[in-house]
Amino acid sequence: MHARAHCALTEAPAMQSFSGLTLLLRGLTGQRGWTAQWRSPEPRAEYDALIVGGGGHGLGAAYYLASEHRLTNIAVLEKGWIGGGNTGRNTTIIRSNYLWDESAALYEHALKIWEDLAQALNYNLMFSQRGVLMLAHTVHDAQVFKRHVHANRANGIDNEWITPEQAKAFCPPLNIENIRYPVLGAALQRRGGTARHDAVAWGYARAADALGVDIIENCEVTGIRRDDNGAVAAVETTRGTIRARRVGVAAAGHTSVIMRMAGVELPLESYPLQALVSEPVKPIFPCVVMSNTIHAYISQSDKGELVIGAGTDAYTSYTQRGGLHITSHALEAICELFPMFRRLRMLRNWGGIVDVTPDRSPIIGLTPVPGLYVNCGWGTGGFKATPGSAHVFAWTIARGEPHPINAPFTLERFRDGRLIDEAAAAAVAH
Amino acid sequence: MLLIECPYCGERPEPEFQYGGQAHVARPRDPAAVSTQEWADYLYRRDNTRGVHAERWRHTHGCGRFFNALRDTRTDHFLATYRVGEAPPAPAPAVPR
């Protein structure tokens, strides 16, 4: 390990600002002069706080710990490369149209942060509030979505019920004429949309690094040490033992594995969630469309690829892959909804590991182990919440108590019967 | 997709089956006598094993029977399937219930 006096890279350099002018100047001078967006320091022997998990939620939490709570002697430990887990594998959808007050507050908190995040991080997140259409195909769907619309509007969140013709006008590729499960209408959240998933991880990493946060990749946590009072004392990793009194775990599908190291058992099951993209085509799909009943969701990336996803595979797995029949089922739905895509070639198909709770709502807060905090259970819907989740998780770690927004999302709610049942919110039938 | 060995029918493709969750999760014999934490554990806590996992499957589009399986969730490789009431064959599940 380098002595600190010798290695200038243990000090975070001033963040190199991105702007139209710098892009132009460097473009005209052979792209020289760009500096690394974050350092690769050796882990120190001790930090004030550790975040386990270098995805969007973990990196964001480190950023807010440093920027809002002045905890800069902290590190993010990532077993692989940052953003290489679910952050790099999701279908990029952002919305806040969840039913229950507790959920609406959490996802709307995230959406409000999204709206200014690119400016705050000085990073192009490709955040696009292009609108999210949730289609109703049955009388039940129509009733449920109208209820959602009313609940959202009572919570100050935009959502509106539109006719099939209005849905077609909003999304011209949509088939409302000759479809087995008719489009009876849709709920539209105009402020919903998409963002580039990798960019969120990198943007938070760069900003956190500039504030002094150490980002340690290729560092897998293999144990959690507790002191005589049972409180967190250190983590054991593949790069050595690192002491810390505050440890926040944001490890998504691997949360059960990590938390068991501290003797904490959770109501989580980790399932494969697949997604796929088509070959890039010219801009044709103006918004996000989700169908619970026909079982798929779709949007078009800035690169031109149609990004498609649906539900999880049926069994628990850590393989990051699933069965082709699941993907085929999603594509049948897409072809039914958008007949013009029937000849489109699919380019890439992959899977992630999603940690699912019994009520499909996350667990963000304290654990029975003093100093150990957990942020997990986001299941199939964690990407949209990234900045909000990160923000309240940092608050919780810094203050030792939850922010009002994540206060209902306790581990104890399963014992106490206070479930926040958002099974309908994931936009694909379970 | 997975190829699953039904103990009654032999090897069949995954779409013939329905996943049945973690195996050997015993319902408390007297629900009124256990604590709320124990009841919540029965309902919701699961091993979520990264490794050899004992689980149930049901051959819904075949013989219709439930059976158990040992599958390594790191690879989705099935080590064994066994009938309800039988002991799991060696190796035992990685995390004892």
| query | Looking at A:Arg321, A:His325, A:Gln320, A:His254, which one has more heavy-atom pairs under 4.5 Å with chain B than the rest? | reply |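 Option with the top pair count is A:His325.
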
| query | Who among A:Ser317, A:Pro267, A:Ser256, A:Gly323 has the most heavy-atom pairs with chain B under 4.5 Å? | reply |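 Between A:Ser317, A:Pro267, A:Ser256, A:Gly323, the count favours A:Ser317.
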
Side chain from CB out, backbone as N, CA, C, O: work out which of these in [X] comes under 4.5 Å of a heavy atom of chain A, or both, or neither.
X: B:Thr75; answer: backbone
X: B:Leu2; answer: side chain
X: B:Glu14; answer: side chain

| Quick check: are there more than 12 heavy atoms from other residues, nucleotides or ligands sitting under 6.0 Å from CZ of B:Phe78? |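 Enclosed: over 12 neighbouring heavy atoms sit under 6.0 Å from CZ of B:Phe78.
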
| query | How would you list, in number order, the residues of residues 369-378 of chain A that have a heavy atom less than 4.5 Å from chain B? | reply |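 Listed by number, there are no contacting residues, so the answer is none.
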
| task | Any chance you could measure B:Arg50, atom CZ, to A:Arg260, atom CZ, to the nearest 0.5 Å? | result |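 With rounding to 0.5 Å, CZ (B:Arg50) is 12.5 Å from CZ (A:Arg260).
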
| request: Measure the spacing between CD of A:Glu265 and CZ of B:Arg45 and express it to the nearest 0.5 Å. | output: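 Rounded to the nearest 0.5 Å, the CD-CZ separation comes out at 4.5 Å.
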
| said: Is A:Leu268 close to chain B through its backbone or its side chain, or both, or neither, when contacts mean heavy atoms under 4.5 Å? | reply: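 Contact with chain B is through both the backbone and side chain of A:Leu268.
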
| Should the ring pair B:Trp57 and A:Tyr315 be called parallel, tilted or perpendicular, given that the plane angle runs from 0 to 90° and is split at 30 and 60? |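 Plane angle between 30° and 60°, so tilted.
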
| field | Least distance between heavy atoms, B:Glu55 atom then A:Thr316 atom | value |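 For B:Glu55 versus A:Thr316, the nearest heavy atoms are OE1-OG1, 4.4 Å.
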
